[in-house]
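To keep things clear, I will list the structure first and then write my remarks on it.
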Amino acid sequence: MHRPLLAAVLLVAAALLTGCASGDDWSKPRPGPAAAGELGVGFIDPDSSPAPESTVTPSPGSWSGVRPSAGTRVVLLTAGQNRPTKALVKAVKAWAKDEDVDLRTVTASDAADHVPAVTRALDLRPDLIVSAGNDLVDPLATVSPSHLDQEFLIVGAELAEPTENVTAVDWSGASFRGEGLGTASTYDPDSFTDARCAAAVRAGVAAVLTGHTGIVLWLDEF
């Protein structure tokens with residue numbers, strides 16, 4: 001290969017490597033995520049902020065006007081291979097792609113890895129950790145109160161006693177609250193449709209971005 005051509009190739013390769021490295025580097029400080037847009041009418045009562053641990057029933061689609069700023073750092077924390085979990089994972093990844101979110105995935109390999117997986121997600125210091133899978137509810141209940149500076153979003157389940165940094169999106173066919181409380185009698189794996197999971201992710205992120213955290217969003221209608 002001629003020297004000028006070789007040099008050009010090397011320069012292009014170096015530029016590509018540099019670009020990939022800067023895009024993947026979460027160690028550098030950056031401004032926190034910002035919400036683009038506003039919540040629609042009926043998401044919450046404008047005259048009264050929801051109390052901590054309360055359940056809010058937003059009007060269908062009232063969250064659709066809120067989007068994360070590009071490059072928002074999100075960790076998808078997941079465990080299990082059942083149909084509901086796979087549907088939630090698919091929804092989070094699709095949302096991240098649509099919104100230009102910088103997404104990384106942490107997957108727990110087995111029951112013994114549930115708490116370590118939460119720790120690995122925390123170590124990445126993302127703007128938001130989104131949890132998918134009932135197996136992670138109890139580990140999150142254990143770990144999240146000690147990390148109040150980290151926002152968590154649980155989709156398709158909830159904590160029995162969430163702290164201010166844990167927001168959840170639930171509905172009648174989901175609503176798992178931990179092993180101590182068991183699975184709700186209304187639990188229905190078929191309720192985890194693509195459309196509902198997509199709406200749940202967007203509604204939950206909209207709540208977190210606008211500061212409505214520590215609550216449960218109830219999405220029987222979406």
Under the ring-ring contact (aromatic ring centres under 6.0 Å, His included) rule, what pairs show up with a residue in residues 110-158, not counting sequence neighbours?
-> none
Do Leu140 and Val166 pass the side chain to side chain contact (heavy atoms under 4.5 Å, CB included) test, and can you show the C-alpha distance, the side-chain angles, and the key distance before you say yes or no?
-> CA-CA 9 Å; Leu140 286 171; Val166 182; over 6 Å; no
For residues 111-138, pull every pair meeting salt bridge (Lys or Arg N to Asp or Glu O under 4.0 Å), keeping only residues two or more places apart or in separate chains.
-> Arg30-Asp127, Asp113-Arg120
Of Tyr187, Phe192, Phe222, the one forming a ring pair (Phe, Tyr, Trp, His ring centres under 6.0 Å) with Trp171 is Phe192
Which pairs pass side-chain hydrogen bond (donor to acceptor under 3.5 Å, both in side chains) with one or both residues in residues 73-93, sequence neighbours excluded?
-> Asn82-Thr85, Lys90-Asp194
With sequence neighbours left out, the residues meeting side chain to side chain donor-acceptor pair (under 3.5 Å) with Ser69 are Thr72
Side chain of Asn165, backbone of Ser144: donor and acceptor closer than 3.5 Å?
-> yes
Is there any side-chain hydrogen bond (donor to acceptor under 3.5 Å, both in side chains) pair reaching into residues 212-222, and which pairs are they, with sequence neighbours excluded?
-> Ser172-Asp220, Trp218-Asp220
What one should report as the nearest heavy-atom pair of Gly204 and Val169 is CA-CG2, 3.5 Å
Looking only at heavy atoms, what is the nearest atom pair of Thr167 and Ala207, with distance?
-> CG2-CB, 4.4 Å
Determine which pairs satisfy side-chain hydrogen bond (donor to acceptor under 3.5 Å, both in side chains) with at least one residue from residues 51-67, sequence neighbours left out, and list them in order.
-> Arg67-Glu99
Which atom of Ala91 lies closest to which atom of Ala198, heavy atoms considered | CB-N, 3.9 Å
Tightest non-hydrogen contact, residues Ala108 and Ala79, listed as CB-CB, 3.9 Å
